[in-house]
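See below for the structure under consideration.
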Amino acid sequence: MEAQMQPRLQPSSKAWISAGALMLLLSAPFTLAQQPAGDDTGQQAFNNSCRTCHSMKEGDNRLGPNLNKIVGRKAGSLPNYNYSSSMKEAGFAWDQDKLTRFMVKPDEVVSGHKMQPYGGVSAEEASKVFAYLQAAGGQ
C-alpha cells in the first residue's frame, strides 16, 4: 500500500509578519502609556527649541541663563547672568503656567526680555519642555 502524501500546511512568512505587526499595534498604546512624563520627547523638544541658547547644567550660562532648577526660581534672579531690567523686576517665580506661557508668547509674560530673536513654540511643545525642565531640574 502506498501512503498518500498530504500537503503539510506551513504558515507563510506573510502570515507571521501580519501577526507580528498586529501584536506590535496592539501593544503600542500600552507601551506609550508606560512612558514617564519628561521622557525623551520632552528632552527632544528642549533640544529643538531651547538648547541653542540654554543649558540644563548649573553655572553654564550661555546666550541665555541655564535652566537648571528654574521651576520655583524667581524670574531674573540667577547669579552671574545679565538679565534685562524687565526680567529682574518681573516679580514672580517660574511655575508651570508662567513658563509655558513664556515659551509660547514671551512678550505677553515679560515685555522687554532679551530672548531675541525668538518667536515662541506651540503650547504642546511648551508643555513637553516644561515636563523636561521639571524632571531634569530635580523639581
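If you read the sequence from its start, that first residue is 1, and numbering goes on from there. In this text, all values refer to a predicted model and were calculated from it rather than measured experimentally.
Distance CG/L99 to CD1/I70: 5.0 Å, rounded to 0.5 Å. Atom OG of residue S86 and atom CG of residue D107 lie 9.5 Å apart, to the nearest 0.5 angstrom. Rounded to the nearest 0.5 Å, atoms CG (N68) and NE2 (H54) are 13.5 Å apart. Taking NZ from K69 and CD from E58, the interatomic distance works out to 5.5 Å, rounded to the nearest 0.5 Å. Between the CZ atom of R73 and the CH2 atom of W94 there is a distance of 9.5 Å, given to the nearest 0.5 Å. Taking OH of Y132 as the reference point, atom OG of S49 lies at 12.5 Å (rounded to 0.5 Å).
Of the options T41, N48, N47, a side chain to side chain donor-acceptor pair (under 3.5 Å) to Q44 is made by N48 and by none of the others. The one candidate from E124, M103, Q43 that meets the side-chain contact (heavy atoms from CB on, under 4.5 Å) condition with V129 is M103.
For S77, the side chain to side chain donor-acceptor pair (under 3.5 Å) test picks out no residue, with sequence neighbours left out. By the side chain to side chain donor-acceptor pair (under 3.5 Å) test, D95 is found to be paired with no residue, residues two or more places apart in sequence or in another chain being considered.
Side-chain contact check for Y81 versus N66: every heavy-atom pair is 4.5 Å or farther apart. Counting heavy atoms from C-beta on, the side chains of C53 and R62 never come closer than 4.5 Å. K128 has its side chain out of reach of F46: every pair of non-hydrogen atoms, C-beta onward, lies at least 4.5 Å apart. Put simply, the side chain of V104 does not reach to within 4.5 Å of the side chain of E125, judged on heavy atoms.
A75 and A90 make their closest contact through CB-CB, 4.0 Å (heavy atoms, listed as atom of the first residue, atom of the second, distance). Nearest heavy atom pair, residue G76 against residue K88, reads O-CG, 3.9 Å.
Ring geometry for H113 versus F102: interplanar angle over 60°, hence perpendicular rather than tilted (30 to 60°).
Using modelled atom types, one side-chain atom of T100 and one backbone atom of Q96 make a donor-acceptor pair closer than 3.5 Å. The backbone N or O of V121 sits nowhere less than 3.5 Å from a side-chain atom of K105 that would complete a donor-acceptor pair.
K98 forms a cation-pi arrangement with F92, by the criterion of a distance under 6.0 Å to the ring centre and an angle within 45° of the ring axis.
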M115/L63 under side chain to side chain contact (heavy atoms under 4.5 Å, CB included): CA gap, chis, key distance, verdict: CA-CA 9 Å; M115 281 195 355; L63 187 56; over 6 Å; no

